[in-house]
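First comes the structure, then the notes that go with it.
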Amino acid sequence: MHRRNDEVARLLDNIAELLSLHGENPFRIRAYTTAARNIGALSEDVEEIYRRGGLDDIPGVGDAITRKVAEYLETGRLGYYEDLKRRVNVAAVDLLEVPGMGPARAHLVYQQLGITTVPELLEAARDHRLAELPGFGAKLEARIAREAERVGARSRRLLLGVALPVAEEVAARLRAVPAVEAADPAGSIRRMRDTIGDIDVLASSTRPEAVVATFTTLPFVREVLATGPTRPSILTRDELQIDLRVIRPEEWGSALVYFTGSKEHNIALRSLANEHGWKLSEYGLFDREGTRIAGRTEAEIYAALGMDWIPPELREDRGEIAAARAHRLPLLVDVDDLRGDLHVHTDWSDGHDSPERMVEAAIARGYRYLAFADHSSSLGVAGGLTIERVHEQRRLVERLNQRFAPFRVLHGTEVDILPNGDLDYPDEVLAGFDVVTASIHSVFDQTRERMTARIVKALRHPHVDILGHPTGRLLLRRPAYEVDLEAVLQAAVESGVTLEINGQPDRLDLDDTWSRRAKEAGARLVCSSDAHAAVQLDYARYAVATARRGWLEPAHVLNALPLDRLLAHLRAR
DNA sequence: GCCGTTTTCGGCCCGACTGTTTTCAGTCG
């Protein structure tokens, strides 16, 4: 893993934050955040780039930032940053957590009242010391008091797997309203980010009041938080806030681009529009005279800007705009490209449904093959299979293959990688499986070196086909274990092991950026549901979404292979 | 601080909203 890339990116972000508190020129601040983001997104190690003198080839990195990064890489320190920390009180950064407190107000509050923490801010608001400050007043003071109280208690981010189904249901119900021309989820949901801040839905109609009326009376509404002609907001029974925007049909495309984001992607598009002397906003693309050039569809807008339509999953300003202008966007893998699933559990270990039921569900989805991957014996809590049960299950697989032919059931396993890197079944047992996924389920707290060696050892095992959920992260709950993922990646490429993109909504592991990195390094990936029940076969869609965010095409995805080629691949190992 | 098929200097995304203000600054997305 490129730890130094993240380190350098964080350093530059910190500088930007301090500069903003210092009341610096906003464009200089943005230069630092842009450089930070671009360095954070690099697939090459920033230190290697520095050694070959390539720092200023990185977009957004010029002379000044090159010098600063070089100093930091050489010495581990940056004098400029140390000075800045001395001049600006670092703690005042906390004030930016409070909605309504931006850099200017935080700076003022610090300068005038010496306030650096949220509790101090709250106290000052209650004592009515804020209202006295220039540009402040009674209303602003009350708002800041209200927001300061709620900091920390603010609702957390949501899993994509929670937000997306709700947003899709809302959009589908709105589409059923005759006055609605189009309705879709927008924002980070549409980009399929692994976690979501706000649930945004967009609808177009010439009769907004009818749309708002339907929206605010949906059957699962608990509370209407805001109404009004175009921007209503509801709270559902399961406490999810959903914001709707109703817009005019001729603005649908531009509004969808705008509300889908990302912010960085939008900024890049608008800069491009500027180069033509045009203006892009949520209302459309306009020429110098203010005449609308495009706006009704997204494709129209991208075409007018001289590029192909960009799938939402790629809209992160990570090179998609240049690729779209060159007509070299990847032809992203789609959920319909999957021919089967290589990681599902049955009720033989910790799954909910029988093997038969899982097969029937896979056939119903149009799959051609399915691999059971029940847990191995040491994973007692998950009902890991003893060697006898493995043999017994193999006989069942044979019967299922006769019964469901030409559908193919593969006998797989999700075998534990033990703390020393050995696998949880002896070699002769492993040799009997059609496909072996190796995963870590315990002893996560090893040192980075030991964990890396543990995984690399498993990857070199001749019977291992797939590395399951490679970083072990659980979204919103547990970070990835300490591991040198770059070394893991190289070992996987060398030994021909496929890396899993696990579709469980709280895993999505590998994530988007590492999936892209893996593809670039020549690794193959597999989009698996890790279903523990028949309905969860649908989690494959989240794995595919992650793969798409990682720029993957069908050719990079193992389970996009037809059965015969999959079997040839597995046999060749 | 960065960057250039209009520029090595003069720009840098756009609009809505809020609240403080007699024309606009700050924040947000």
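Naming: A, B, ... by sequence-line order, numbering from 1 per chain.
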*Should the pair A:E553-A:K519 be classified as a salt bridge under the 4.0 Å nitrogen-to-oxygen rule?*
no

_Over all strands shown, is A:I29 touching base, sugar-phosphate only, or nothing at heavy-atom distances under 4.0 angstrom?_
nothing

*Using the C1' atoms only, state how far B:dT23 lies from B:dG29, rounded to an integer number of Å.*
25 Å

*Criterion salt bridge (Lys or Arg N to Asp or Glu O under 4.0 Å) on A:R4 and A:E44, from CA distance to verdict*: CA-CA 11 Å; A:R4 303 221 80 186; A:E44 197 183 344; over 6 Å; no

*Gap between atoms CG and C1', on A:L280 and B:dG15 respectively (whole Å)*: 12 Å

*Counting side-chain heavy atoms from CB outward, which of B:dC28, B:dG19, B:dG1 is closest to A:K139?*
B:dG19

*asked:* Give me the distance, rounded to whole Å, that separates B:dG11 from B:dT22 when you measure between the C1' atoms they each carry.
replied: 31 Å

*Nearest-Å distance, CZ (A:F259) to C1' (B:dC28)?*
12 Å

_Separation of the C1' atoms in B:dG10 and B:dA16, to the nearest angstrom_ = 28 Å

*Side-chain donor/acceptor of A:Y258 to base of B:dG15, under 3.5 Å*: no

Sort me out a list of protein N/O and nucleotides 3-12 of chain B N/O pairs below 3.5 Å, or just none if empty.
{"unit_1": "B:dC3", "atom_1": "OP1", "unit_2": "A:G60", "atom_2": "N", "d": "2.6"}

*asked:* Distance check, P atoms only: B:dA25 and B:dT20, in whole angstrom units.
replied: 16 Å

*Using the P atom on both, measure B:dG19 against B:dC13 and round to a whole Å.*
28 Å

*Quickly work out the A:D200 CG to B:dG29 P distance and round it to whole Å.*
10 Å

*Could you let me know what B:dC24 is paired to, Watson-Crick or G-U wobble, both distances under 3.5 Å, or none if it's on its own?*
B:dG19

*NA contact type, A:R105, heavy-atom cut-off 4.0 Å: base, sugar-phosphate, or nothing?*
sugar-phosphate

*N/O (side chain, A:K263) to phosphate O (OP1/OP2, B:dC14) under 4.0 Å*: no

*Between A:M101 and A:Y80, just flag the one whose closest nucleotide in DNA chain B comes earlier from the 5' side.*
A:Y80

*Pick base, sugar-phosphate or nothing for A:R67, based on heavy-atom distances below 4.0 Å to the nucleic acid.*
nothing

*asked:* I'd like the P distance from B:dC9 over to B:dG15, given in whole Å.
replied: 30 Å

*Can you tell me how far P of B:dC2 sits from CD1 of A:I15, to the nearest Å?*
11 Å

*Assign A:P103 to base, sugar-phosphate, or nothing according to its heavy-atom contacts below 4.0 angstrom with the strands shown.*
sugar-phosphate

_Listed partners of A:D511 passing salt bridge (charged side-chain N to carboxylate O under 4.0 Å, His left out), at least two apart_ = none

*Select base, sugar-phosphate, or nothing to describe what A:D63 touches, counting heavy atoms under 4.0 Å on all strands.*
sugar-phosphate

*Considering only NZ, NE, NH1 and NH2 on the basic side and carboxylate oxygens on the acidic side, decide whether A:D512 and A:R318 come within less than 4.0 Å.*
yes

*Does A:D184 pair with A:R175 as a salt bridge, N-O distance under 4.0 Å?*
yes

*Side-chain N,O (A:R270) to OP1/OP2 (B:dC13) below 4.0 Å*: no

*asked:* Classify A:A138 by what it touches in the nucleic acid, base, sugar-phosphate, or nothing, heavy-atom distance under 4.0 Å.
replied: sugar-phosphate

_What is the distance, to the nearest angstrom, from the CD atom on A:Q241 to the P atom on B:dG29?_
11 Å

*Position toward the 5' end of DNA chain B (nearest nucleotide), A:L133 or A:W278*: A:W278

_Pair A:D13 + A:R10, salt bridge at N-O below 4.0 Å_ = no

*Determine, stepwise, if the pair A:E168 / A:R541 fulfils salt bridge (Lys or Arg N to Asp or Glu O under 4.0 Å).*
CA-CA 14 Å; A:E168 283 180 333; A:R541 71 178 300 199; 2.8 Å; yes

*What is the distance, rounded to the nearest whole Å, between atom CD of A:E282 and atom P of B:dC28?*
18 Å

*asked:* Tell me the interatomic distance from A:D243, atom CG, to B:dG29, atom P, rounded to whole angstroms.
replied: 10 Å

*From the options B:dA16, B:dC14, B:dT20, select the nucleotide whose nearest atom is closest to the side chain of A:Y283.*
B:dA16

*Considering only the C1' atoms, how many Å lie between B:dT7 and B:dC14, rounded to the nearest integer?*
23 Å

*How close or far is atom C1' of B:dA16 from atom CZ of A:R231, stated in whole angstroms?*
7 Å

*Can A:R67 and A:E71 be said to form a salt bridge (Lys or Arg N to Asp or Glu O under 4.0 Å), step by step?*
CA-CA 6 Å; A:R67 277 198 305 276; A:E71 178 186 334; over 6 Å; no

_Once salt bridge (charged side-chain N to carboxylate O under 4.0 Å, His left out) is applied, what residue pairs with a partner in residues 294-307 of chain A remain, sequence neighbours excluded?_
A:R190-A:E298, A:E298-A:R315

